[in-house]
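Just so it is clear: chains get the letters A, B, ... in the order the sequence lines come, proteins before strands, and each one is counted from 1.
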Amino acid sequence: MTNKELADVFALVADLLEIRGEVIYKTLAYRKASESLTGLGRDVNDIWKQGGIKALLEIPGVGKAIAEKIDELLATGQLQFLEKLKQDVPAELAELLQIPDLGPKKVGMFYKELGVLSIAQLKEAAEAGKLRDLPGMGEKSEIKILAGIESLGRRSGRLPLGSVLPFAEELLAVIHKLPGVKAAEMAGSLRRMRATVGDIDLIVGAEQPEAVIAAFVALPNVARVLGQGTVKSSVEFHNGMRAQLWVHRPERYGTALQYATGSKDHNVRLREMALDKGLSLSDQAFLKEDGSELLCATEEEVYAVLGLPYISPELREDRGEVQAALKGALPKLVTTEDIQGDLHMHTTWSDGQMSILQMAEAARQRGYKVIAITDHSPSLGLVNGLTPERLQEQRKEIEKARKKMGDSLLILHGIEVDMRADTTLDLPDEALAELDIVIASLHISMRQSRAQVTDRLLAAMHNPHVDIIGHPSNRNLPDREGADLDWDAVLKAAAETGTALEINANPRRLDLDDVQARRAVEMGIKLAINTDAHHSDHMDFLSYGVATARRGWVTAKDVINAWDPKDLLAWLKS
DNA sequence: GCCGTTTTCGGCCCGACTGTTTTCAGTCG
(Lines give C-alpha, C1' and ligand atoms only; values in the text may rest on other atoms or scores of the structure.)
Protein backbone atom coordinates (compact mmCIF):
# COMPACT_ATOMS: atom_id res chain seq x y z
CA MET A 1 0.00 0.00 0.00
CA THR A 2 1.13 3.52 -0.74
CA ASN A 3 1.13 6.39 1.75
CA LYS A 4 -1.94 7.74 0.01
CA GLU A 5 -3.83 4.46 0.33
CA LEU A 6 -2.98 4.20 4.01
CA ALA A 7 -4.05 7.80 4.52
CA ASP A 8 -7.35 7.06 2.77
CA VAL A 9 -8.02 4.11 5.09
CA PHE A 10 -7.50 6.24 8.20
CA ALA A 11 -9.58 9.10 6.78
CA LEU A 12 -12.39 6.58 6.25
CA VAL A 13 -11.96 5.27 9.79
CA ALA A 14 -12.19 8.85 11.06
CA ASP A 15 -15.38 9.53 9.09
CA LEU A 16 -17.08 6.33 10.23
CA LEU A 17 -16.08 6.82 13.87
CA GLU A 18 -17.48 10.33 13.71
CA ILE A 19 -20.78 9.12 12.28
CA ARG A 20 -20.94 6.47 14.98
CA GLY A 21 -20.60 9.28 17.49
CA GLU A 22 -17.18 8.38 18.84
CA VAL A 23 -15.34 10.84 21.10
CA ILE A 24 -14.33 13.65 18.79
CA TYR A 25 -10.68 13.50 19.80
CA LYS A 26 -10.35 9.91 18.71
CA THR A 27 -11.72 10.93 15.33
CA LEU A 28 -9.31 13.83 15.18
CA ALA A 29 -6.41 11.53 15.98
CA TYR A 30 -7.18 9.31 12.97
CA ARG A 31 -7.63 12.33 10.75
CA LYS A 32 -4.36 13.80 11.93
CA ALA A 33 -2.56 10.53 11.26
CA SER A 34 -4.10 10.46 7.79
CA GLU A 35 -2.86 13.96 7.00
CA SER A 36 0.52 13.18 8.43
CA LEU A 37 0.91 10.17 6.14
CA THR A 38 -0.14 12.25 3.15
CA GLY A 39 2.41 14.93 3.89
CA LEU A 40 5.19 12.52 4.78
CA GLY A 41 8.08 12.76 2.35
CA ARG A 42 9.20 9.19 2.96
CA ASP A 43 7.57 5.96 1.88
CA VAL A 44 5.90 4.32 4.87
CA ASN A 45 6.78 0.89 3.42
CA ASP A 46 10.48 1.70 3.73
CA ILE A 47 10.13 2.96 7.29
CA TRP A 48 8.20 -0.18 8.19
CA LYS A 49 10.62 -2.56 6.48
CA GLN A 50 13.59 -0.93 8.18
CA GLY A 51 12.24 -0.52 11.68
CA GLY A 52 8.83 -2.14 12.05
CA ILE A 53 6.23 -0.76 14.44
CA LYS A 54 8.86 1.03 16.49
CA ALA A 55 9.94 3.12 13.53
CA LEU A 56 6.33 3.90 12.64
CA LEU A 57 5.92 5.56 16.05
CA GLU A 58 8.33 8.27 14.87
CA ILE A 59 5.71 9.51 12.38
CA PRO A 60 3.91 12.53 13.88
CA GLY A 61 0.37 11.70 14.96
CA VAL A 62 1.07 7.96 14.94
CA GLY A 63 0.98 6.27 18.31
CA LYS A 64 0.80 2.67 19.42
CA ALA A 65 -2.73 1.96 18.19
CA ILE A 66 -2.31 3.46 14.74
CA ALA A 67 1.20 2.06 14.30
CA GLU A 68 -0.20 -1.41 14.88
CA LYS A 69 -2.92 -0.75 12.35
CA ILE A 70 -0.37 0.39 9.75
CA ASP A 71 1.61 -2.76 10.49
CA GLU A 72 -1.48 -4.89 9.93
CA LEU A 73 -2.39 -3.07 6.71
CA LEU A 74 1.10 -3.39 5.24
CA ALA A 75 1.37 -7.04 6.26
CA THR A 76 -2.09 -8.20 5.21
CA GLY A 77 -3.65 -5.41 3.15
CA GLN A 78 -6.60 -5.56 5.55
CA LEU A 79 -7.68 -3.94 8.78
CA GLN A 80 -9.90 -5.98 11.09
CA PHE A 81 -10.80 -2.87 13.08
CA LEU A 82 -12.23 -1.25 9.95
CA GLU A 83 -14.10 -4.39 8.90
CA LYS A 84 -15.79 -4.52 12.32
CA LEU A 85 -16.51 -0.80 12.21
CA LYS A 86 -18.23 -1.19 8.86
CA GLN A 87 -20.70 -3.58 10.45
CA ASP A 88 -21.88 -0.72 12.69
CA VAL A 89 -21.54 2.06 10.16
CA PRO A 90 -21.69 1.16 6.47
CA ALA A 91 -18.72 2.63 4.59
CA GLU A 92 -21.03 4.23 2.01
CA LEU A 93 -22.11 6.74 4.64
CA ALA A 94 -18.74 8.50 4.43
CA GLU A 95 -19.76 9.75 1.00
CA LEU A 96 -22.69 11.64 2.52
CA LEU A 97 -20.27 13.81 4.51
CA GLN A 98 -19.24 15.41 1.22
CA ILE A 99 -22.57 17.24 1.15
CA PRO A 100 -22.13 20.82 2.41
CA ASP A 101 -23.84 21.63 5.70
CA LEU A 102 -24.34 17.94 6.37
CA GLY A 103 -22.17 16.49 9.10
CA PRO A 104 -21.73 13.24 10.98
CA LYS A 105 -24.57 13.72 13.43
CA LYS A 106 -27.26 14.09 10.80
CA VAL A 107 -25.79 11.43 8.51
CA GLY A 108 -25.91 9.07 11.49
CA MET A 109 -29.48 10.05 12.27
CA PHE A 110 -30.72 9.66 8.69
CA TYR A 111 -29.19 6.19 8.57
CA LYS A 112 -30.59 5.13 11.92
CA GLU A 113 -34.06 6.57 11.50
CA LEU A 114 -34.62 6.15 7.76
CA GLY A 115 -31.99 3.67 6.62
CA VAL A 116 -30.47 6.26 4.25
CA LEU A 117 -27.25 4.85 2.80
CA SER A 118 -26.52 6.90 -0.32
CA ILE A 119 -26.82 10.39 -1.71
CA ALA A 120 -29.55 9.14 -4.05
CA GLN A 121 -31.56 7.76 -1.14
CA LEU A 122 -31.08 10.95 0.83
CA LYS A 123 -32.33 13.01 -2.09
CA GLU A 124 -35.36 10.79 -2.39
CA ALA A 125 -36.13 11.10 1.31
CA ALA A 126 -35.73 14.89 1.23
CA GLU A 127 -37.96 15.24 -1.81
CA ALA A 128 -40.58 13.09 -0.16
CA GLY A 129 -40.48 15.42 2.86
CA LYS A 130 -39.35 12.67 5.20
CA LEU A 131 -36.50 14.58 6.78
CA ARG A 132 -38.36 17.58 8.17
CA ASP A 133 -40.01 15.75 11.04
CA LEU A 134 -36.79 14.36 12.49
CA PRO A 135 -35.40 16.04 15.64
CA GLY A 136 -33.56 19.25 14.95
CA MET A 137 -34.76 19.27 11.34
CA GLY A 138 -37.30 21.44 9.59
CA GLU A 139 -38.38 22.51 6.15
CA LYS A 140 -35.43 24.84 5.68
CA SER A 141 -32.94 22.16 6.61
CA GLU A 142 -34.51 19.86 4.07
CA ILE A 143 -34.18 22.46 1.33
CA LYS A 144 -30.62 23.14 2.39
CA ILE A 145 -29.72 19.48 2.02
CA LEU A 146 -31.24 19.31 -1.46
CA ALA A 147 -29.30 22.43 -2.43
CA GLY A 148 -26.16 20.85 -1.00
CA ILE A 149 -26.65 17.69 -3.04
CA GLU A 150 -27.11 19.77 -6.16
CA SER A 151 -24.00 21.83 -5.50
CA LEU A 152 -21.95 18.63 -5.20
CA GLY A 153 -22.45 18.09 -8.92
CA ARG A 154 -21.30 21.60 -9.73
CA ARG A 155 -18.26 21.76 -7.51
CA SER A 156 -15.02 19.97 -8.10
CA GLY A 157 -13.46 19.95 -4.66
CA ARG A 158 -9.99 21.39 -4.40
CA LEU A 159 -8.80 23.34 -7.41
CA PRO A 160 -5.25 23.96 -8.61
CA LEU A 161 -3.81 27.14 -7.13
CA GLY A 162 -3.34 28.53 -10.63
CA SER A 163 -7.03 28.45 -11.46
CA VAL A 164 -8.07 30.24 -8.27
CA LEU A 165 -5.37 32.81 -7.57
CA PRO A 166 -6.00 35.05 -10.62
CA PHE A 167 -9.71 35.24 -9.81
CA ALA A 168 -8.96 35.89 -6.14
CA GLU A 169 -6.59 38.72 -7.10
CA GLU A 170 -9.30 40.40 -9.16
CA LEU A 171 -11.76 39.94 -6.33
CA LEU A 172 -9.34 41.45 -3.85
CA ALA A 173 -8.86 44.48 -6.08
CA VAL A 174 -12.63 45.01 -6.10
CA ILE A 175 -12.84 44.63 -2.32
CA HIS A 176 -10.11 47.21 -1.81
CA LYS A 177 -12.40 49.70 -3.50
CA LEU A 178 -15.47 48.98 -1.37
CA PRO A 179 -16.35 51.92 0.87
CA GLY A 180 -14.70 51.87 4.28
CA VAL A 181 -12.13 49.18 3.51
CA LYS A 182 -8.82 50.09 5.17
CA ALA A 183 -6.95 46.86 4.48
CA ALA A 184 -7.70 43.60 2.70
CA GLU A 185 -5.76 40.43 2.03
CA MET A 186 -6.18 36.81 1.04
CA ALA A 187 -5.86 34.28 3.83
CA GLY A 188 -6.11 30.52 4.18
CA SER A 189 -4.38 28.00 1.97
CA LEU A 190 -4.40 30.50 -0.88
CA ARG A 191 -2.10 32.82 1.03
CA ARG A 192 0.04 29.88 2.08
CA MET A 193 0.21 29.05 -1.65
CA ARG A 194 -0.74 25.43 -1.30
CA ALA A 195 -0.76 23.56 -4.63
CA THR A 196 -4.51 23.13 -4.43
CA VAL A 197 -7.04 25.27 -2.62
CA GLY A 198 -10.64 24.69 -1.59
CA ASP A 199 -12.07 28.17 -1.42
CA ILE A 200 -11.07 31.81 -1.19
CA ASP A 201 -10.60 33.26 2.28
CA LEU A 202 -10.47 37.02 2.58
CA ILE A 203 -9.81 39.32 5.53
CA VAL A 204 -10.81 42.96 5.59
CA GLY A 205 -9.99 45.67 8.09
CA ALA A 206 -12.76 48.27 8.35
CA GLU A 207 -14.46 50.46 10.93
CA GLN A 208 -17.94 49.30 9.95
CA PRO A 209 -17.89 45.58 9.23
CA GLU A 210 -21.56 45.20 8.43
CA ALA A 211 -21.47 47.79 5.65
CA VAL A 212 -18.55 46.00 3.99
CA ILE A 213 -20.30 42.64 4.23
CA ALA A 214 -23.46 44.09 2.73
CA ALA A 215 -21.46 45.47 -0.20
CA PHE A 216 -19.57 42.20 -0.62
CA VAL A 217 -22.62 39.94 -0.89
CA ALA A 218 -24.12 42.42 -3.35
CA LEU A 219 -21.22 42.15 -5.83
CA PRO A 220 -22.57 41.50 -9.34
CA ASN A 221 -20.83 38.15 -9.87
CA VAL A 222 -22.21 36.66 -6.66
CA ALA A 223 -24.57 33.82 -7.53
CA ARG A 224 -25.65 32.81 -4.05
CA VAL A 225 -25.17 34.05 -0.53
CA LEU A 226 -24.33 31.04 1.60
CA GLY A 227 -24.17 32.91 4.87
CA GLN A 228 -24.18 36.47 6.12
CA GLY A 229 -23.55 37.67 9.62
CA THR A 230 -22.15 40.75 11.31
CA VAL A 231 -18.46 39.84 10.95
CA LYS A 232 -18.43 37.04 8.43
CA SER A 233 -20.11 36.06 5.20
CA SER A 234 -19.70 33.47 2.53
CA VAL A 235 -20.82 33.44 -1.09
CA GLU A 236 -20.68 31.37 -4.24
CA PHE A 237 -19.79 33.15 -7.48
CA HIS A 238 -21.20 32.39 -10.92
CA ASN A 239 -18.01 30.55 -11.82
CA GLY A 240 -18.68 28.10 -8.98
CA MET A 241 -15.92 29.37 -6.71
CA ARG A 242 -16.69 30.10 -3.11
CA ALA A 243 -15.30 32.85 -0.94
CA GLN A 244 -15.60 33.76 2.69
CA LEU A 245 -15.00 37.19 3.99
CA TRP A 246 -14.24 38.15 7.57
CA VAL A 247 -14.30 41.81 8.51
CA HIS A 248 -12.54 43.07 11.61
CA ARG A 249 -11.81 46.50 12.95
CA PRO A 250 -8.38 47.71 11.80
CA GLU A 251 -6.83 47.50 15.26
CA ARG A 252 -7.62 43.77 15.26
CA TYR A 253 -6.50 43.12 11.68
CA GLY A 254 -3.24 41.41 12.63
CA THR A 255 -4.75 38.70 14.83
CA ALA A 256 -7.56 38.21 12.33
CA LEU A 257 -5.26 37.78 9.35
CA GLN A 258 -2.92 35.52 11.28
CA TYR A 259 -5.80 33.40 12.46
CA ALA A 260 -7.43 33.04 9.05
CA THR A 261 -4.17 32.29 7.27
CA GLY A 262 -3.57 29.17 9.35
CA SER A 263 -2.71 26.45 8.96
CA LYS A 264 -4.79 25.08 11.74
CA ASP A 265 -1.84 23.18 13.17
CA HIS A 266 0.41 26.23 13.00
CA ASN A 267 -2.21 28.20 14.90
CA VAL A 268 -2.60 25.50 17.53
CA ARG A 269 1.14 25.72 18.07
CA LEU A 270 0.96 29.50 18.53
CA ARG A 271 -1.98 29.27 20.91
CA GLU A 272 -0.05 26.81 23.03
CA MET A 273 2.83 29.27 23.18
CA ALA A 274 0.41 32.03 24.10
CA LEU A 275 -1.05 29.95 26.93
CA ASP A 276 2.46 29.43 28.30
CA LYS A 277 2.70 33.20 28.56
CA GLY A 278 -0.69 33.45 30.25
CA LEU A 279 -2.38 34.71 27.12
CA SER A 280 -5.24 33.29 25.12
CA LEU A 281 -4.96 33.95 21.37
CA SER A 282 -8.00 34.22 19.14
CA ASP A 283 -8.83 35.94 15.87
CA GLN A 284 -9.88 38.94 17.96
CA ALA A 285 -6.91 39.56 20.22
CA PHE A 286 -4.65 38.17 22.89
CA LEU A 287 -6.71 37.88 26.04
CA LYS A 288 -4.79 38.43 29.26
CA GLU A 289 -5.57 36.60 32.49
CA ASP A 290 -7.01 39.79 34.01
CA GLY A 291 -9.55 39.87 31.17
CA SER A 292 -8.00 42.75 29.28
CA GLU A 293 -7.17 42.53 25.61
CA LEU A 294 -3.91 43.00 23.76
CA LEU A 295 -4.69 44.10 20.20
CA CYS A 296 -2.49 43.58 17.15
CA ALA A 297 -3.02 45.57 13.98
CA THR A 298 -0.35 43.62 12.11
CA GLU A 299 0.77 40.02 11.96
CA GLU A 300 4.30 41.08 12.87
CA GLU A 301 2.95 42.24 16.23
CA VAL A 302 1.23 38.89 16.80
CA TYR A 303 4.48 37.02 16.32
CA ALA A 304 6.41 39.59 18.34
CA VAL A 305 4.10 39.12 21.34
CA LEU A 306 5.02 35.44 21.25
CA GLY A 307 8.70 36.28 21.04
CA LEU A 308 8.95 35.14 17.44
CA PRO A 309 10.21 36.75 14.26
CA TYR A 310 7.70 37.06 11.42
CA ILE A 311 7.04 33.70 9.79
CA SER A 312 6.18 33.74 6.08
CA PRO A 313 2.74 32.33 5.28
CA GLU A 314 4.24 29.62 3.04
CA LEU A 315 6.01 28.14 6.07
CA ARG A 316 2.98 28.00 8.34
CA GLU A 317 2.25 24.30 8.18
CA ASP A 318 3.58 23.20 11.59
CA ARG A 319 6.51 21.52 9.92
CA GLY A 320 9.05 22.83 12.39
CA GLU A 321 8.82 26.52 11.48
CA VAL A 322 7.91 27.64 15.00
CA GLN A 323 10.82 25.75 16.52
CA ALA A 324 13.15 27.17 13.85
CA ALA A 325 11.83 30.68 14.51
CA LEU A 326 12.53 30.29 18.22
CA LYS A 327 16.11 29.36 17.44
CA GLY A 328 16.48 32.18 14.93
CA ALA A 329 17.04 29.51 12.31
CA LEU A 330 14.34 30.32 9.76
CA PRO A 331 15.66 30.02 6.20
CA LYS A 332 16.08 33.14 4.07
CA LEU A 333 13.54 32.05 1.47
CA VAL A 334 14.10 32.45 -2.24
CA THR A 335 12.12 35.26 -3.91
CA THR A 336 11.08 35.94 -7.49
CA GLU A 337 13.63 38.78 -7.53
CA ASP A 338 16.40 36.25 -6.91
CA ILE A 339 15.64 34.41 -10.15
CA GLN A 340 18.11 35.29 -12.90
CA GLY A 341 16.63 33.26 -15.70
CA ASP A 342 14.45 30.44 -16.92
CA LEU A 343 16.02 27.15 -17.95
CA HIS A 344 13.07 25.29 -19.42
CA MET A 345 11.01 26.62 -22.32
CA HIS A 346 9.62 25.52 -25.67
CA THR A 347 9.43 27.22 -29.05
CA THR A 348 7.79 26.58 -32.42
CA TRP A 349 10.59 24.08 -33.02
CA SER A 350 8.47 21.65 -31.04
CA ASP A 351 5.15 22.42 -29.34
CA GLY A 352 5.78 26.02 -28.24
CA GLN A 353 3.84 28.90 -29.70
CA MET A 354 6.60 31.45 -30.20
CA SER A 355 9.97 31.67 -31.88
CA ILE A 356 13.32 31.49 -30.13
CA LEU A 357 13.77 35.21 -30.65
CA GLN A 358 10.33 36.06 -29.27
CA MET A 359 11.00 34.05 -26.14
CA ALA A 360 14.41 35.69 -25.78
CA GLU A 361 12.94 39.16 -26.13
CA ALA A 362 10.30 38.37 -23.51
CA ALA A 363 12.95 37.07 -21.14
CA ARG A 364 15.08 40.18 -21.58
CA GLN A 365 12.08 42.37 -20.87
CA ARG A 366 11.61 40.55 -17.60
CA GLY A 367 15.17 41.41 -16.71
CA TYR A 368 16.48 37.88 -17.05
CA LYS A 369 20.16 37.33 -17.69
CA VAL A 370 19.88 33.79 -19.03
CA ILE A 371 17.44 31.41 -20.69
CA ALA A 372 17.65 27.87 -21.98
CA ILE A 373 15.76 26.81 -25.08
CA THR A 374 14.70 23.24 -24.34
CA ASP A 375 12.38 21.78 -26.95
CA HIS A 376 11.20 18.19 -26.92
CA SER A 377 13.07 15.13 -28.19
CA PRO A 378 11.79 13.03 -31.15
CA SER A 379 9.78 10.25 -29.51
CA LEU A 380 7.07 12.65 -28.48
CA GLY A 381 5.84 12.58 -32.07
CA LEU A 382 2.75 14.64 -31.48
CA VAL A 383 4.78 17.65 -30.43
CA ASN A 384 7.24 17.56 -33.32
CA GLY A 385 10.22 16.64 -31.17
CA LEU A 386 13.74 17.39 -32.37
CA THR A 387 15.92 14.76 -34.07
CA PRO A 388 19.71 15.18 -33.91
CA GLU A 389 19.52 16.68 -37.40
CA ARG A 390 16.90 19.25 -36.46
CA LEU A 391 18.87 20.07 -33.32
CA GLN A 392 21.77 21.04 -35.61
CA GLU A 393 19.46 23.30 -37.59
CA GLN A 394 18.07 24.81 -34.42
CA ARG A 395 21.60 25.62 -33.30
CA LYS A 396 21.93 27.98 -36.24
CA GLU A 397 18.82 29.87 -35.23
CA ILE A 398 20.05 30.02 -31.64
CA GLU A 399 23.26 31.59 -32.94
CA LYS A 400 21.25 34.22 -34.77
CA ALA A 401 19.26 35.02 -31.66
CA ARG A 402 22.48 35.26 -29.64
CA LYS A 403 23.87 37.85 -32.07
CA LYS A 404 20.67 39.81 -31.80
CA MET A 405 20.58 39.81 -28.01
CA GLY A 406 24.29 40.47 -27.59
CA ASP A 407 25.50 40.67 -24.00
CA SER A 408 22.07 41.43 -22.64
CA LEU A 409 20.95 37.81 -22.48
CA LEU A 410 22.76 34.50 -22.36
CA ILE A 411 20.92 31.92 -24.49
CA LEU A 412 21.68 28.30 -23.73
CA HIS A 413 20.92 25.64 -26.29
CA GLY A 414 19.28 22.71 -24.56
CA ILE A 415 16.78 19.92 -24.88
CA GLU A 416 14.05 18.35 -22.82
CA VAL A 417 14.92 14.76 -23.59
CA ASP A 418 12.43 12.04 -22.89
CA MET A 419 13.14 9.14 -20.57
CA ARG A 420 12.04 6.14 -22.59
CA ALA A 421 10.20 3.25 -20.99
CA ASP A 422 13.30 1.04 -21.37
CA THR A 423 15.48 3.44 -19.27
CA THR A 424 17.36 4.81 -22.29
CA LEU A 425 17.17 8.45 -23.27
CA ASP A 426 15.48 9.59 -26.43
CA LEU A 427 18.63 11.02 -28.05
CA PRO A 428 22.12 9.55 -28.44
CA ASP A 429 24.89 10.75 -26.12
CA GLU A 430 26.70 12.40 -29.06
CA ALA A 431 23.73 14.70 -29.60
CA LEU A 432 23.40 15.50 -25.90
CA ALA A 433 27.13 16.19 -25.61
CA GLU A 434 26.88 19.12 -28.02
CA LEU A 435 24.22 20.91 -25.99
CA ASP A 436 24.73 23.51 -23.26
CA ILE A 437 22.11 22.04 -20.96
CA VAL A 438 20.05 18.85 -20.84
CA ILE A 439 16.79 18.34 -18.99
CA ALA A 440 15.53 14.75 -18.80
CA SER A 441 11.82 14.32 -18.21
CA LEU A 442 9.23 11.67 -17.74
CA HIS A 443 6.21 11.88 -20.04
CA ILE A 444 5.21 8.38 -21.10
CA SER A 445 4.72 4.98 -19.42
CA MET A 446 4.19 6.57 -16.04
CA ARG A 447 2.17 3.64 -14.80
CA GLN A 448 5.12 1.31 -14.70
CA SER A 449 5.94 -0.30 -11.38
CA ARG A 450 7.77 1.78 -8.81
CA ALA A 451 11.01 -0.08 -9.49
CA GLN A 452 10.77 0.39 -13.25
CA VAL A 453 9.84 4.04 -13.27
CA THR A 454 12.41 4.85 -10.60
CA ASP A 455 15.09 3.08 -12.63
CA ARG A 456 14.41 5.41 -15.54
CA LEU A 457 15.13 8.45 -13.39
CA LEU A 458 18.23 6.86 -11.91
CA ALA A 459 19.53 5.97 -15.35
CA ALA A 460 18.97 9.51 -16.58
CA MET A 461 20.78 10.99 -13.58
CA HIS A 462 23.74 8.72 -14.14
CA ASN A 463 24.07 9.94 -17.72
CA PRO A 464 26.88 12.53 -17.50
CA HIS A 465 25.14 14.86 -19.96
CA VAL A 466 21.93 15.22 -17.96
CA ASP A 467 21.91 18.38 -15.81
CA ILE A 468 18.33 18.59 -14.57
CA ILE A 469 15.41 16.22 -14.05
CA GLY A 470 12.31 18.07 -15.29
CA HIS A 471 9.00 17.84 -13.37
CA PRO A 472 10.22 14.66 -11.63
CA SER A 473 6.90 12.97 -10.85
CA ASN A 474 4.97 14.27 -13.91
CA ARG A 475 1.90 14.89 -11.80
CA ASN A 476 -0.95 16.96 -13.19
CA LEU A 477 -3.11 18.76 -10.66
CA PRO A 478 -5.68 18.24 -9.42
CA ASP A 479 -6.37 14.82 -10.87
CA ARG A 480 -3.38 12.96 -12.21
CA GLU A 481 -1.11 11.71 -9.50
CA GLY A 482 2.58 11.58 -10.20
CA ALA A 483 4.49 8.42 -10.98
CA ASP A 484 4.96 6.04 -8.05
CA LEU A 485 8.59 6.96 -7.43
CA ASP A 486 10.96 5.64 -4.81
CA TRP A 487 11.83 9.12 -3.59
CA ASP A 488 14.60 7.96 -1.28
CA ALA A 489 16.40 6.41 -4.25
CA VAL A 490 15.74 9.41 -6.51
CA LEU A 491 17.02 11.94 -3.99
CA LYS A 492 20.04 9.84 -3.13
CA ALA A 493 20.97 9.56 -6.80
CA ALA A 494 20.47 13.30 -7.34
CA ALA A 495 22.82 14.01 -4.45
CA GLU A 496 25.41 11.51 -5.65
CA THR A 497 25.39 12.52 -9.32
CA GLY A 498 25.03 16.25 -8.69
CA THR A 499 21.91 16.39 -10.84
CA ALA A 500 19.55 19.28 -10.18
CA LEU A 501 15.85 18.63 -9.71
CA GLU A 502 13.30 20.96 -11.23
CA ILE A 503 10.48 22.68 -9.45
CA ASN A 504 8.25 23.06 -12.46
CA ALA A 505 6.36 26.29 -11.92
CA ASN A 506 3.37 25.50 -14.09
CA PRO A 507 0.50 25.61 -11.58
CA ARG A 508 -0.85 22.33 -12.92
CA ARG A 509 2.47 20.72 -11.99
CA LEU A 510 4.34 22.34 -9.07
CA ASP A 511 6.61 19.32 -9.28
CA LEU A 512 8.84 18.72 -7.21
CA ASP A 513 6.28 19.44 -4.58
CA ASP A 514 7.06 21.36 -1.41
CA VAL A 515 7.70 18.27 0.71
CA GLN A 516 10.25 16.69 -1.63
CA ALA A 517 11.84 20.06 -2.34
CA ARG A 518 12.53 20.45 1.36
CA ARG A 519 14.07 17.00 1.59
CA ALA A 520 16.17 17.78 -1.46
CA VAL A 521 17.71 20.94 -0.02
CA GLU A 522 18.33 19.18 3.27
CA MET A 523 20.39 16.68 1.27
CA GLY A 524 22.30 19.44 -0.50
CA ILE A 525 20.63 18.81 -3.85
CA LYS A 526 20.41 21.75 -6.23
CA LEU A 527 17.09 22.84 -7.65
CA ALA A 528 15.97 24.75 -10.74
CA ILE A 529 12.72 26.73 -10.71
CA ASN A 530 11.54 26.73 -14.33
CA THR A 531 8.29 27.67 -16.01
CA ASP A 532 8.29 25.17 -18.91
CA ALA A 533 6.83 28.07 -20.90
CA HIS A 534 5.18 27.26 -24.23
CA HIS A 535 4.37 30.95 -24.71
CA SER A 536 6.07 34.05 -23.37
CA ASP A 537 3.07 34.72 -21.12
CA HIS A 538 3.77 31.45 -19.31
CA MET A 539 6.90 32.99 -17.83
CA ASP A 540 4.45 34.51 -15.36
CA PHE A 541 4.14 31.06 -13.79
CA LEU A 542 7.44 31.73 -12.05
CA SER A 543 5.75 33.01 -8.90
CA TYR A 544 3.96 29.68 -8.42
CA GLY A 545 7.25 27.83 -8.63
CA VAL A 546 8.93 30.22 -6.23
CA ALA A 547 6.01 29.84 -3.81
CA THR A 548 6.37 26.06 -3.93
CA ALA A 549 10.09 26.43 -3.28
CA ARG A 550 9.40 28.73 -0.34
CA ARG A 551 7.00 26.15 1.08
CA GLY A 552 9.94 23.75 0.82
CA TRP A 553 12.26 26.06 2.83
CA VAL A 554 14.37 26.69 -0.29
CA THR A 555 16.92 29.52 -0.30
CA ALA A 556 18.47 31.28 -3.28
CA LYS A 557 21.72 29.41 -2.93
CA ASP A 558 19.89 26.13 -3.53
CA VAL A 559 18.53 27.29 -6.89
CA ILE A 560 20.85 27.16 -9.91
CA ASN A 561 18.87 29.76 -11.85
CA ALA A 562 19.08 32.16 -8.93
CA TRP A 563 22.86 32.17 -9.28
CA ASP A 564 24.96 34.55 -11.29
CA PRO A 565 25.05 33.12 -14.84
CA LYS A 566 28.83 32.71 -14.54
CA ASP A 567 28.35 30.36 -11.62
CA LEU A 568 25.59 28.54 -13.49
CA LEU A 569 27.90 27.99 -16.48
CA ALA A 570 30.65 26.70 -14.22
CA TRP A 571 28.19 24.32 -12.56
CA LEU A 572 26.95 23.07 -15.94
CA LYS A 573 30.54 22.41 -17.03
CA SER A 574 31.36 20.52 -13.86
C1' DG B 1 -6.11 8.08 20.00
C1' DC B 2 -2.04 11.13 20.66
C1' DC B 3 1.03 13.67 23.42
C1' DG B 4 4.52 15.34 27.14
C1' DT B 5 11.43 18.69 30.61
C1' DT B 6 5.85 21.84 34.55
C1' DT B 7 1.97 16.45 32.94
C1' DT B 8 2.12 8.97 31.71
C1' DC B 9 -3.42 11.57 32.96
C1' DG B 10 -5.96 14.99 31.30
C1' DG B 11 -5.98 17.81 28.09
C1' DC B 12 -7.06 18.31 22.95
C1' DC B 13 -9.14 26.07 19.75
C1' DC B 14 -13.20 28.10 19.78
C1' DG B 15 -16.35 31.50 17.89
C1' DA B 16 -19.72 32.56 13.99
C1' DC B 17 -23.65 31.28 11.77
C1' DT B 18 -27.95 28.78 10.87
C1' DG B 19 -32.04 26.69 12.03
C1' DT B 20 -34.14 24.71 15.29
C1' DT B 21 -35.42 25.78 19.48
C1' DT B 22 -37.24 28.71 23.80
C1' DT B 23 -31.51 28.02 25.34
C1' DC B 24 -29.19 24.86 22.08
C1' DA B 25 -27.18 21.51 18.54
C1' DG B 26 -24.86 20.91 14.34
C1' DT B 27 -21.60 22.47 11.03
C1' DC B 28 -17.77 25.00 9.53
C1' DG B 29 -13.19 26.90 9.32
For nucleotides 11-21 of chain B, give me one character per nucleotide, 5' to 3': B if any protein heavy atom sits under 4.0 Å from the base, S if the only such contacts are to the sugar-phosphate, - if neither. -BB--SSSSS-
What nucleotide, of B:dC2, B:dT27, B:dG29, holds the atom closest to the side chain of A:D199? B:dG29
Lys/Arg N to Asp/Glu carboxylate O, A:K288 vs A:E293, below 4.0 Å: no
Apply the test salt bridge (Lys or Arg N to Asp or Glu O under 4.0 Å) to residues A:E299 and A:R191: give CA-CA distance (whole Å), side-chain angles for both, the deciding distance (0.1 Å), then the verdict. CA-CA 13 Å; A:E299 280 193 318; A:R191 182 157 180 250; 2.8 Å; yes
According to the Watson-Crick and G-U wobble definitions, with both distances under 3.5 Å, which nucleotide is paired to B:dT8? none
Specify whether A:F81 and A:Y30 have parallel, tilted or perpendicular ring planes, treating 30° as the upper limit for parallel and 60° as the lower limit for perpendicular. parallel
Return whichever of A:K69 or A:K106 has its heavy-atom-nearest nucleotide of DNA chain B closer to the 5' end. A:K69
Side-chain ion pair, A:R242 and A:E236, N-O less than 4.0 Å: yes
With respect to the phosphate group of B:dC3, does any side-chain polar atom (N or O) of A:K64 fall under 4.0 Å of OP1 or OP2? no
Between A:D46 and A:R42 (salt bridge meaning N to carboxylate O under 4.0 Å), is one present in this structure? no
What distance, rounded to whole Å, do you find between the two C1' atoms, one in B:dT20 and one in B:dT27? 13 Å
Quick one: pull up CZ in A:F10 and OG in A:S36 and give me the separation to the nearest 0.5 Å. 11.0 Å
